[in-house]
Amino acid sequence: MTNFIIGTLLLMMMAIEKLSFVIIEYPIYFSVPTLISAVVLIFAIVYGLKLYLKDSSISIKKISLSRAGWFFLFLTIIIIGMSFILNFNRWTVGWDAVALYDARAKFLYSGLTFSKMSDLSNYDPQNSYYYLLYPPFTSLVHYHWMLLSIKLPVGVYYSINLLLLSLIVFNGFNKKIGNNLSLVLAFLSISSISIFSSSILEYTNLPFTIYILLGIIFIGDYLENRTVWKLIYGISLIVCSQWIRFQEPIWLGVAIAMIVMAITYKKFRHTLIPGVVVLLFGFFERYSWSSFISASSSTNTIVNFNLINIIEPILGIFTGSLFSIGLFFVDSWAPLIFVYIISVAVIINRRTANAHNVFYLLINSLIIMIYFGGLYFVSFQSIWWDKLGDSLVRSSAFLIPINAMILLSELSKTKFINVKKR
Amino acid sequence: MKSKKVLHSYIGALILAWLVVLMLSIVESATYPGFVLKHLYVDLLSIIFVVVILGFFIKIFLKIERNVPNYLEKVAICISIILSVVVFLCNFIEGISYTNYIFSRFHVHPKLLYTPLFLSYFGLFLFIKKDTIWNKSNNAGLAKYFKTIYKVRTLLLIICFWLIFQNLTVIWQVLRNDILFMVKHRESTVAEKMRYKVGDKFYKFVDFVQKNTPPYSTILIPPQGYPWPQTGNPSYIRYFLYPRKVVVGKEYEANIDLLKSNIDYVLIAHGETDTTEFGFTHGWPKFDVPSDYVLYMEDDKELIRQYEHMYLYKNSIGKEQWGIIKIKK
């Protein structure tokens, strides 16, 4: 139930931000795709809510914990508390927050629209695409925070995100690994430096992480027990995450994973249509922002697709570029990359092709390939590609709870861990 | 016989090449990046690339498994285990101490150790035999260790504890300064907190510019790059100066006709960092500017307004100056 409430709140927030975007840009016609996606999202929320209320198996049960469980609950509360204390006591200072996310909110508050923001970079050819580089969600949240005259620093919103993440992780995985290990998992997730540092920076990473993670959890649950509202919510969350971060096509990885499952295993044929739905809606959501960018400015993009830019990376495989980028990639992601590789090996070793194993194996592998492929591709187009290491680690933070869950699920079978499942 | 001799020579060459690149990568991690290039005039990464490609080719197409000496398999296993433990320990010790601890203490670059680690695993791939991994006929091999599930789970438990410990220590290192600042400056205002975070020099300067330029003026700023990472970054400085417009200049020229354009002011910015890049040097603008007046920002003094008809760059060489130039129209 907790994840349902969180999912509903997240989707409603997304719908509100999309509608505000349309109102801000009115009467600009190229915000129409955003209006359409907002309307579809509202229908998805209403339908998902209806299906959830029909589900008679929902009940609230008492959670029992061991001493270790209480200890990790205490540690988790400390970490969340630290984030709140830090955010209560400071104002926007992260570089990208100052230069982009909070700046855009400031411009909106003074009456400037998104379509006019690119004019600010008229005499800045180095960063001409900057203000439309990232989708508007984070800036709209900051703008509404200003509009509502909330006396607290906007960083508190990110501490709330951290709290939501811990709840999502605990409720999302406690049926698989038990309450105590779920608390260990929640602690490991929010205390990892990639996630914790995102909670004290007003960037896109933490909201992106919770949308993607909850979406993957819902879709994983749907694949196991075919709960339709979870499929609807999962697809909505993953597709809408593009409105927070645009460059990383995680929705593509999820769609391909579902389609590959359907093609490879007969028993998963039912995932084909949902996979295609993710693909189609993902493309439409992508189009809703990219069409706005192209229509409102002659903005450059980080990645340009033309024949030369496609051939170069292919030739680069034979000249050693793949290897050097690979080393940089492993170096940036170390030691987490080894944790991811171990969890992939753990799933393969199980040799059980159930929905859970297959889906998480595919998700892990495909998303790592997407990140590596993206970095490899960008390395041929930008001289600052080697500055992307930290950004990649932050934006892929949703992989941490997923992979830690896989490792902990092995531990849940051992007699040394006192596991009490819900 | 002849083909067997050729095969043995390939295997011998491969073994030698693998050992050489492994040693070179270990040497480079114990000295500095580029050591091999400097002393042997060959890029280590290129050598590794060639050895890896040849290794794949020899392993897959020549099927060398039966002809690889048994002792080599054990050498590869030992080296990979030792390097794995060393890399793990280095990262763990650095995690609980501080960044660069391993280098300062042992003169080893922990990040460069990933290369010999990768090469040791590659050696395992090249030289390990199928029977060592899993011998179906007598149910023996390394795989039997993985079949003993509790040993794998013990390893996972160790990884779990390592992650918990590392997370807590790294978070403490990140938070320590912020927490100390909060404790010492409980009554600080928003401006003081912002000043602490963005840097005193930059904050004072941008506050000075805000107070001494009209809200709808257009300002020429230094080029983007150190020593002007903040004053020269239009997106960053715009946050503080908006609704003023900012236009990026070049180091030795304005890049725009100051007399014909709408530029109202030009910043005088020495540079907020000691570091430089792209060949930039401190002090800007490094060109003359037609001016109504120049307003200098001085520490603990009244603002100095000088009515000069031309801001001359030659008069500011060697001086650390901050201020604004009002363009003469």
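A note on names: the letters A, B, ... follow the listed sequences, proteins ahead of strands, and every chain is numbered from 1. Below, each value reflects all heavy atoms present in this structure, side chains not excepted, and no hydrogens, waters or symmetry copies.
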Check: If you count the non-hydrogen atoms of other residues, nucleotides and ligands that lie under 6.0 Å from CZ in A/F74, is the total more than 12?
Finding: no
Notebook entry, point to check: Any idea which of A/I342, A/I193, A/V339 has the most non-hydrogen atom pairs under 4.5 angstrom with chain B?
Noted result: A/I193
Item checked: Over 12 non-hydrogen atoms of neighbours within 6.0 angstrom of CZ in A/F328 -> yes
Next item on the list: Identify which part of B/P229 has an atom lying under 4.5 Å from any heavy atom of chain A, answering side chain, backbone, both or neither.
Entry: both
Check: Is it the case that A/K106 places NZ or CZ above or below the six-membered ring of B/Y239, under 6.0 angstrom from the centre and within 45 degrees of the axis?
Finding: yes
Checklist line | Spatial distance of atom CZ (B/R238) from atom CG (A/L100) [nearest 0.5 Å] | finding: 11.0 Å
Item checked: Engaged part of A/V330 at the chain B interface, taking heavy atoms whose separation is under 4.5 Å -> neither
Note to self: Using heavy-atom distances under 4.5 Å, tell me whether A/S192 contacts chain B through its side chain, its backbone, both, or neither.
What the structure shows: both
Check: With a 4.5 angstrom heavy-atom cut-off, which part of B/I53 approaches chain A: side chain, backbone, both or neither?
Finding: neither
Check: Taking all non-hydrogen atoms of both residues, which atom of B/S235 and which atom of A/Y131 are closest, and how far apart?
Finding: CA-OH, 3.6 Å
Item checked: Reported CD1-to-CD1 distance for the pair B/I171 and A/I78, which is rounded to 0.5 angstrom -> 11.5 Å
Note to self: Around atom OH of B/Y242, are there more than 12 heavy atoms from other residues, nucleotides or ligands closer than 6.0 Å?
What the structure shows: yes
Next item on the list: Would you mind checking which part of A/F107 comes under 4.5 Å of any heavy atom in chain B, side chain (CB onward), backbone (N, CA, C, O), both or neither?
Entry: both
Note to self: Restricting to non-hydrogen atoms, name the atom on A/S191 and the atom on B/N167 that form the minimum distance, rounded to 0.1 Å.
What the structure shows: OG-ND2, 3.0 Å
Next item on the list: Quick one: pull up OH in B/Y114 and CD1 in A/I337 and give me the separation to the nearest 0.5 Å.
Entry: 11.0 Å
Next item on the list: To the nearest 0.5 Å, tell me how far A/F187 CZ sits from B/L168 CG.
Entry: 4.0 Å
